[in-house]
Amino acid sequence: MINTPAKILLALSAFAGVTAVVFGVASGDRSGAVLLGAVMVVALFAAFAVMGSAGADPVDADDTDEADATAAAVTYGPADVPRASPWPLFAALAAGLVVVGAAEGPAYVVGGGLLAVVVGALWTAQVWREHPSFTPRLGARLGERVLVPGLLPVIALLATAVIAIAISRVLLAVSKDGSIVIAGVAALVILLACAAIALRPRITPGAMVGLIAIAAVFTGTAGVWGAAAGEREFHPHHAAEHEITIVAKDTAFDKKKIEVPADEPVVVDFINQDEVFHNLAVYTPGQDATTVGDPVFAGKPTAEGELQFEMDIANPGNYVFVCDFHPNMRGDLVAE
(Lines give C-alpha, C1' and ligand atoms only; values in the text may rest on other atoms or scores of the structure.)
Protein backbone atom coordinates (compact mmCIF):
# COMPACT_ATOMS: atom_id res chain seq x y z
CA MET A 1 0.00 0.00 0.00
CA ILE A 2 3.02 2.30 0.42
CA ASN A 3 4.63 3.27 -2.89
CA THR A 4 8.32 3.90 -3.42
CA PRO A 5 8.30 7.73 -3.11
CA ALA A 6 6.38 7.43 0.16
CA LYS A 7 8.93 4.93 1.47
CA ILE A 8 11.75 7.35 0.70
CA LEU A 9 9.96 10.20 2.45
CA LEU A 10 9.17 8.04 5.48
CA ALA A 11 12.82 7.02 5.70
CA LEU A 12 13.83 10.70 5.52
CA SER A 13 11.33 11.52 8.25
CA ALA A 14 12.66 8.78 10.51
CA PHE A 15 16.27 9.84 9.88
CA ALA A 16 15.45 13.49 10.64
CA GLY A 17 13.65 12.51 13.85
CA VAL A 18 16.50 10.38 15.15
CA THR A 19 19.03 13.05 14.17
CA ALA A 20 17.01 15.73 15.95
CA VAL A 21 17.02 13.74 19.19
CA VAL A 22 20.72 12.91 18.99
CA PHE A 23 21.69 16.44 18.00
CA GLY A 24 19.57 18.02 20.75
CA VAL A 25 21.01 15.75 23.45
CA ALA A 26 24.60 16.03 22.25
CA SER A 27 24.79 19.77 21.57
CA GLY A 28 21.97 21.27 23.61
CA ASP A 29 21.11 23.52 20.64
CA ARG A 30 17.33 23.75 20.66
CA SER A 31 17.08 25.66 17.38
CA GLY A 32 18.92 22.95 15.43
CA ALA A 33 16.87 20.18 17.01
CA VAL A 34 13.64 22.06 16.23
CA LEU A 35 14.74 22.55 12.61
CA LEU A 36 15.43 18.83 12.21
CA GLY A 37 12.11 18.09 13.87
CA ALA A 38 10.38 20.35 11.37
CA VAL A 39 12.08 18.43 8.53
CA MET A 40 10.76 15.21 10.07
CA VAL A 41 7.18 16.53 10.20
CA VAL A 42 7.29 17.96 6.68
CA ALA A 43 8.69 14.72 5.27
CA LEU A 44 6.01 12.77 7.12
CA PHE A 45 3.23 14.94 5.69
CA ALA A 46 4.76 14.69 2.23
CA ALA A 47 4.77 10.89 2.51
CA PHE A 48 1.08 10.88 3.37
CA ALA A 49 0.35 13.23 0.49
CA VAL A 50 2.25 11.00 -1.96
CA MET A 51 0.41 7.91 -0.70
CA GLY A 52 -2.91 9.68 -1.16
CA SER A 53 -2.27 11.17 -4.58
CA ALA A 54 -0.45 8.34 -6.37
CA GLY A 55 -1.02 4.67 -6.83
CA ALA A 56 0.78 2.03 -4.83
CA ASP A 57 3.47 -0.22 -6.26
CA PRO A 58 1.87 -3.33 -7.79
CA VAL A 59 1.73 -6.29 -5.44
CA ASP A 60 0.53 -9.83 -5.85
CA ALA A 61 -2.67 -10.73 -4.03
CA ASP A 62 -2.48 -13.97 -2.03
CA ASP A 63 -4.72 -16.92 -2.75
CA THR A 64 -7.25 -16.21 -0.03
CA ASP A 65 -7.82 -12.65 -1.23
CA GLU A 66 -7.71 -13.36 -4.96
CA ALA A 67 -11.48 -13.48 -5.35
CA ASP A 68 -12.00 -10.31 -3.33
CA ALA A 69 -9.23 -8.51 -5.20
CA THR A 70 -10.69 -9.55 -8.54
CA ALA A 71 -14.14 -8.44 -7.52
CA ALA A 72 -12.76 -5.09 -6.43
CA ALA A 73 -11.31 -4.56 -9.94
CA VAL A 74 -7.96 -3.40 -8.68
CA THR A 75 -6.45 -0.59 -10.67
CA TYR A 76 -3.43 1.56 -10.08
CA GLY A 77 -2.82 5.09 -11.18
CA PRO A 78 -3.25 8.79 -10.35
CA ALA A 79 -7.04 8.38 -10.43
CA ASP A 80 -6.97 6.40 -7.19
CA VAL A 81 -7.23 9.40 -4.88
CA PRO A 82 -8.94 9.37 -1.47
CA ARG A 83 -12.19 11.11 -0.76
CA ALA A 84 -12.35 14.41 1.07
CA SER A 85 -11.38 14.19 4.74
CA PRO A 86 -10.56 16.51 7.69
CA TRP A 87 -7.04 15.13 8.10
CA PRO A 88 -5.27 17.86 6.07
CA LEU A 89 -6.73 20.42 8.46
CA PHE A 90 -5.42 18.55 11.50
CA ALA A 91 -2.08 18.05 9.74
CA ALA A 92 -1.84 21.82 9.24
CA LEU A 93 -2.64 22.30 12.93
CA ALA A 94 0.17 19.92 13.88
CA ALA A 95 2.60 21.76 11.62
CA GLY A 96 1.50 25.05 13.16
CA LEU A 97 2.20 23.75 16.64
CA VAL A 98 5.68 22.69 15.59
CA VAL A 99 6.36 26.14 14.13
CA VAL A 100 5.04 27.86 17.26
CA GLY A 101 7.24 25.58 19.33
CA ALA A 102 10.33 27.04 17.67
CA ALA A 103 9.57 30.29 19.49
CA GLU A 104 7.55 29.27 22.54
CA GLY A 105 9.19 26.09 23.76
CA PRO A 106 9.57 22.35 23.26
CA ALA A 107 6.12 21.56 24.68
CA TYR A 108 4.47 22.82 21.49
CA VAL A 109 6.90 20.82 19.36
CA VAL A 110 6.14 17.64 21.29
CA GLY A 111 2.40 18.29 21.09
CA GLY A 112 2.60 18.97 17.36
CA GLY A 113 4.69 15.87 16.81
CA LEU A 114 2.26 13.64 18.71
CA LEU A 115 -0.68 15.14 16.81
CA ALA A 116 1.18 14.55 13.54
CA VAL A 117 1.70 10.90 14.41
CA VAL A 118 -1.99 10.40 15.24
CA VAL A 119 -3.16 12.28 12.14
CA GLY A 120 -0.71 10.39 9.97
CA ALA A 121 -1.93 7.04 11.25
CA LEU A 122 -5.60 7.90 10.73
CA TRP A 123 -4.95 9.48 7.35
CA THR A 124 -2.99 6.43 6.21
CA ALA A 125 -5.80 4.16 7.40
CA GLN A 126 -8.34 6.12 5.38
CA VAL A 127 -6.20 6.07 2.23
CA TRP A 128 -5.63 2.34 2.63
CA ARG A 129 -9.31 1.52 3.12
CA GLU A 130 -10.31 3.56 0.06
CA HIS A 131 -7.67 1.99 -2.20
CA PRO A 132 -9.06 -0.54 -4.71
CA SER A 133 -6.67 -3.24 -3.49
CA PHE A 134 -8.18 -3.17 0.00
CA THR A 135 -10.54 -6.06 0.76
CA PRO A 136 -12.84 -6.70 3.74
CA ARG A 137 -10.94 -9.89 4.51
CA LEU A 138 -7.66 -7.97 4.62
CA GLY A 139 -9.23 -5.37 6.94
CA ALA A 140 -10.53 -8.06 9.28
CA ARG A 141 -7.14 -9.76 9.36
CA LEU A 142 -5.40 -6.46 10.11
CA GLY A 143 -7.81 -5.71 12.93
CA GLU A 144 -7.44 -9.15 14.51
CA ARG A 145 -3.64 -9.34 14.28
CA VAL A 146 -2.50 -5.73 14.68
CA LEU A 147 -5.09 -3.21 15.77
CA VAL A 148 -6.84 -5.07 18.57
CA PRO A 149 -3.76 -6.55 20.34
CA GLY A 150 -1.54 -3.55 19.63
CA LEU A 151 -3.60 -0.36 19.64
CA LEU A 152 -6.37 -1.30 22.07
CA PRO A 153 -4.13 -1.33 25.18
CA VAL A 154 -2.49 1.93 24.08
CA ILE A 155 -5.85 3.63 23.51
CA ALA A 156 -7.14 2.36 26.86
CA LEU A 157 -4.03 3.64 28.62
CA LEU A 158 -4.24 7.06 26.96
CA ALA A 159 -7.97 7.35 27.69
CA THR A 160 -7.39 6.43 31.33
CA ALA A 161 -4.59 8.99 31.61
CA VAL A 162 -6.69 11.75 30.04
CA ILE A 163 -9.66 11.03 32.30
CA ALA A 164 -7.46 10.85 35.42
CA ILE A 165 -5.65 14.10 34.60
CA ALA A 166 -8.85 15.96 33.73
CA ILE A 167 -10.68 14.82 36.85
CA SER A 168 -7.66 15.60 39.04
CA ARG A 169 -7.58 19.16 37.67
CA VAL A 170 -11.22 19.57 38.63
CA LEU A 171 -10.75 18.07 42.10
CA LEU A 172 -7.80 20.39 42.78
CA ALA A 173 -9.78 23.46 41.69
CA VAL A 174 -12.94 22.98 43.79
CA SER A 175 -13.34 22.94 47.55
CA LYS A 176 -12.57 19.89 49.68
CA ASP A 177 -16.23 18.95 50.15
CA GLY A 178 -16.96 19.59 46.48
CA SER A 179 -14.06 17.38 45.42
CA ILE A 180 -15.49 14.49 47.47
CA VAL A 181 -18.89 14.83 45.79
CA ILE A 182 -17.41 15.17 42.29
CA ALA A 183 -15.13 12.18 42.79
CA GLY A 184 -18.06 10.04 43.93
CA VAL A 185 -20.27 11.12 41.01
CA ALA A 186 -17.45 10.54 38.49
CA ALA A 187 -16.78 7.07 39.87
CA LEU A 188 -20.49 6.22 39.70
CA VAL A 189 -20.81 7.47 36.11
CA ILE A 190 -17.76 5.47 35.00
CA LEU A 191 -19.09 2.35 36.74
CA LEU A 192 -22.53 2.71 35.12
CA ALA A 193 -21.00 3.32 31.68
CA CYS A 194 -18.81 0.22 31.95
CA ALA A 195 -21.78 -1.83 33.15
CA ALA A 196 -23.91 -0.61 30.24
CA ILE A 197 -21.21 -1.59 27.73
CA ALA A 198 -20.74 -4.99 29.38
CA LEU A 199 -24.50 -5.72 29.39
CA ARG A 200 -24.88 -4.74 25.73
CA PRO A 201 -22.03 -6.57 23.97
CA ARG A 202 -23.58 -5.94 20.56
CA ILE A 203 -23.49 -2.18 20.82
CA THR A 204 -22.83 -0.70 17.38
CA PRO A 205 -19.47 0.91 16.60
CA GLY A 206 -21.21 4.20 15.88
CA ALA A 207 -22.84 4.22 19.30
CA MET A 208 -19.52 3.35 20.93
CA VAL A 209 -17.73 6.15 19.11
CA GLY A 210 -20.49 8.58 20.05
CA LEU A 211 -20.27 7.57 23.70
CA ILE A 212 -16.50 7.99 23.70
CA ALA A 213 -16.79 11.37 21.95
CA ILE A 214 -19.32 12.66 24.48
CA ALA A 215 -17.18 11.47 27.39
CA ALA A 216 -14.07 13.03 25.84
CA VAL A 217 -15.78 16.38 25.30
CA PHE A 218 -17.18 16.59 28.82
CA THR A 219 -14.02 15.31 30.48
CA GLY A 220 -11.73 17.51 28.39
CA THR A 221 -13.85 20.61 28.97
CA ALA A 222 -13.92 19.98 32.71
CA GLY A 223 -10.15 19.41 32.74
CA VAL A 224 -9.47 22.64 30.85
CA TRP A 225 -11.71 24.55 33.26
CA GLY A 226 -9.94 23.04 36.25
CA ALA A 227 -6.51 23.86 34.84
CA ALA A 228 -7.58 27.45 34.09
CA ALA A 229 -9.12 27.89 37.54
CA GLY A 230 -5.91 26.76 39.26
CA GLU A 231 -5.49 24.83 42.46
CA ARG A 232 -7.26 25.75 45.66
CA GLU A 233 -5.23 26.83 48.65
CA PHE A 234 -3.98 23.88 50.66
CA HIS A 235 -3.17 24.01 54.34
CA PRO A 236 -0.80 21.13 55.04
CA HIS A 237 -1.37 19.06 58.12
CA HIS A 238 1.49 19.44 60.56
CA ALA A 239 2.41 17.09 63.33
CA ALA A 240 3.66 20.07 65.32
CA GLU A 241 1.80 20.80 68.57
CA HIS A 242 3.07 24.37 68.86
CA GLU A 243 1.93 27.28 66.74
CA ILE A 244 2.76 30.97 66.79
CA THR A 245 1.52 33.93 64.75
CA ILE A 246 3.76 36.81 63.71
CA VAL A 247 2.49 39.90 61.89
CA ALA A 248 4.69 42.24 59.87
CA LYS A 249 3.12 45.70 59.57
CA ASP A 250 4.58 49.17 58.98
CA THR A 251 8.05 47.59 58.63
CA ALA A 252 7.95 46.12 62.14
CA PHE A 253 7.08 42.82 63.80
CA ASP A 254 4.16 42.78 66.21
CA LYS A 255 6.26 40.75 68.68
CA LYS A 256 9.62 41.61 70.22
CA LYS A 257 10.14 38.27 71.93
CA ILE A 258 9.20 34.69 71.01
CA GLU A 259 9.52 31.56 73.10
CA VAL A 260 9.56 28.20 71.34
CA PRO A 261 10.43 24.65 72.39
CA ALA A 262 13.86 23.41 71.31
CA ASP A 263 14.16 20.52 68.88
CA GLU A 264 10.44 20.44 68.24
CA PRO A 265 8.57 21.61 65.12
CA VAL A 266 6.69 24.88 65.48
CA VAL A 267 4.07 26.03 62.98
CA VAL A 268 4.53 29.72 62.15
CA ASP A 269 1.64 31.74 60.68
CA PHE A 270 3.47 34.64 59.09
CA ILE A 271 1.21 37.53 58.04
CA ASN A 272 2.63 40.36 55.96
CA GLN A 273 0.38 43.42 55.89
CA ASP A 274 2.86 45.63 54.03
CA GLU A 275 3.23 45.87 50.27
CA VAL A 276 6.91 44.95 50.38
CA PHE A 277 8.71 41.68 50.91
CA HIS A 278 9.26 40.42 54.46
CA ASN A 279 10.45 37.14 55.88
CA LEU A 280 11.29 35.59 59.24
CA ALA A 281 14.89 34.48 59.72
CA VAL A 282 16.58 33.24 62.90
CA TYR A 283 20.26 33.86 63.73
CA THR A 284 22.56 33.47 66.67
CA PRO A 285 23.13 36.77 68.53
CA GLY A 286 25.63 39.17 67.03
CA GLN A 287 28.24 41.31 68.75
CA ASP A 288 25.73 44.10 69.35
CA ALA A 289 22.07 44.96 68.83
CA THR A 290 22.60 45.83 65.15
CA THR A 291 24.38 42.65 64.01
CA VAL A 292 23.56 38.98 63.83
CA GLY A 293 25.63 35.82 64.02
CA ASP A 294 25.29 32.53 62.20
CA PRO A 295 22.07 31.66 60.34
CA VAL A 296 19.83 29.09 62.00
CA PHE A 297 16.60 29.27 60.01
CA ALA A 298 15.33 31.25 57.00
CA GLY A 299 11.65 31.51 56.16
CA LYS A 300 10.31 32.02 52.65
CA PRO A 301 9.67 35.69 51.82
CA THR A 302 6.21 36.95 50.96
CA ALA A 303 4.73 40.26 49.86
CA GLU A 304 1.40 41.28 51.39
CA GLY A 305 -0.09 37.95 52.24
CA GLU A 306 -0.22 35.05 54.65
CA LEU A 307 2.31 32.25 54.69
CA GLN A 308 2.47 29.17 56.90
CA PHE A 309 5.65 27.21 57.43
CA GLU A 310 7.32 24.96 59.96
CA MET A 311 10.32 26.02 62.02
CA ASP A 312 12.55 23.80 64.13
CA ILE A 313 15.30 25.22 66.38
CA ALA A 314 17.47 22.24 67.22
CA ASN A 315 19.49 23.58 70.16
CA PRO A 316 18.18 25.45 73.20
CA GLY A 317 19.49 28.97 73.74
CA ASN A 318 18.96 32.63 72.94
CA TYR A 319 18.60 33.76 69.33
CA VAL A 320 17.39 36.77 67.36
CA PHE A 321 14.73 36.79 64.65
CA VAL A 322 14.95 39.40 61.90
CA CYS A 323 13.67 40.28 58.45
CA ASP A 324 16.42 39.78 55.90
CA PHE A 325 15.00 42.62 53.82
CA HIS A 326 14.77 45.11 56.71
CA PRO A 327 17.44 44.53 59.41
CA ASN A 328 15.72 47.00 61.74
CA MET A 329 12.88 44.47 62.10
CA ARG A 330 14.22 42.20 64.83
CA GLY A 331 13.34 40.58 68.13
CA ASP A 332 14.55 37.98 70.63
CA LEU A 333 13.81 34.28 70.31
CA VAL A 334 14.30 31.87 73.22
CA ALA A 335 14.40 28.10 72.57
CA GLU A 336 13.93 25.98 75.71
With a 4.5 Å cut-off on side-chain heavy-atom distances among I, L, V, M, F, W and Y, is there a chain of contacts connecting [X] to [Y]?
X	Y	result
Val170	Val189	no
Met40	Leu12	no
Val322	Ile246	no
Leu93	Val118	yes
Ile271	Val267	no

How long is the straight-line distance from [atom2] of [Y] back to [atom1] of [X], given to the nearest 0.5 Å?
X	Y	atom1	atom2	result
Glu306	Phe270	CD	CZ	11.0 Å
Ile313	Phe321	CD1	CZ	11.5 Å
Asn318	Thr284	CG	OG1	11.0 Å
Phe325	Asp274	CZ	CG	13.0 Å
Asp312	Asp263	CG	CG	5.5 Å
Phe297	Leu280	CZ	CG	6.5 Å

With side-chain contact (heavy atoms from CB on, under 4.5 Å) as the criterion, how do Asn272 and Leu307 come out once you've worked through the C-alpha distance, each side chain's angles and the decisive distance to 0.1 Å?
CA-CA 8 Å; Asn272 182 6; Leu307 183 66; over 6 Å; no
Quick one, Tyr319 and Val296 - any side-chain contact, counting heavy atoms below 4.5 Å?
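Side-chain contact under 4.5 Å: yes.
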Which donor-acceptor pairs under 3.5 Å do side chains of residues 249-261 form with protein atoms, sequence neighbours excluded?
residue : atom : partner : partner atom : Å
Asp254  : OD1  : Val247  : N            : 2.9
Lys255  : NZ   : Thr245  : O            : 2.5

Restricting to pairs with a member in residues 8-17, which pass salt bridge (charged side-chain N to carboxylate O under 4.0 Å, His left out), not counting sequence neighbours?
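Output for this query is empty, none listed.
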Contact list for residues 323-336, test side-chain hydrogen bond (donor to acceptor under 3.5 Å, both in side chains), sequence neighbours left out
His278-His326, Asn279-Asp324, Tyr283-Asp324
Looking only at heavy atoms, the pair that brings Asn315 and Ala335 closest together is O-CB, 3.9 Å
Expected output: side-chain Ser168 to main-chain Ile165 donor-acceptor under 3.5 Å:
yes
Is it true that the side chains of Thr290 and Asp288 contain a donor and an acceptor less than 3.5 Å apart?
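The answer is yes; a qualifying pair exists.
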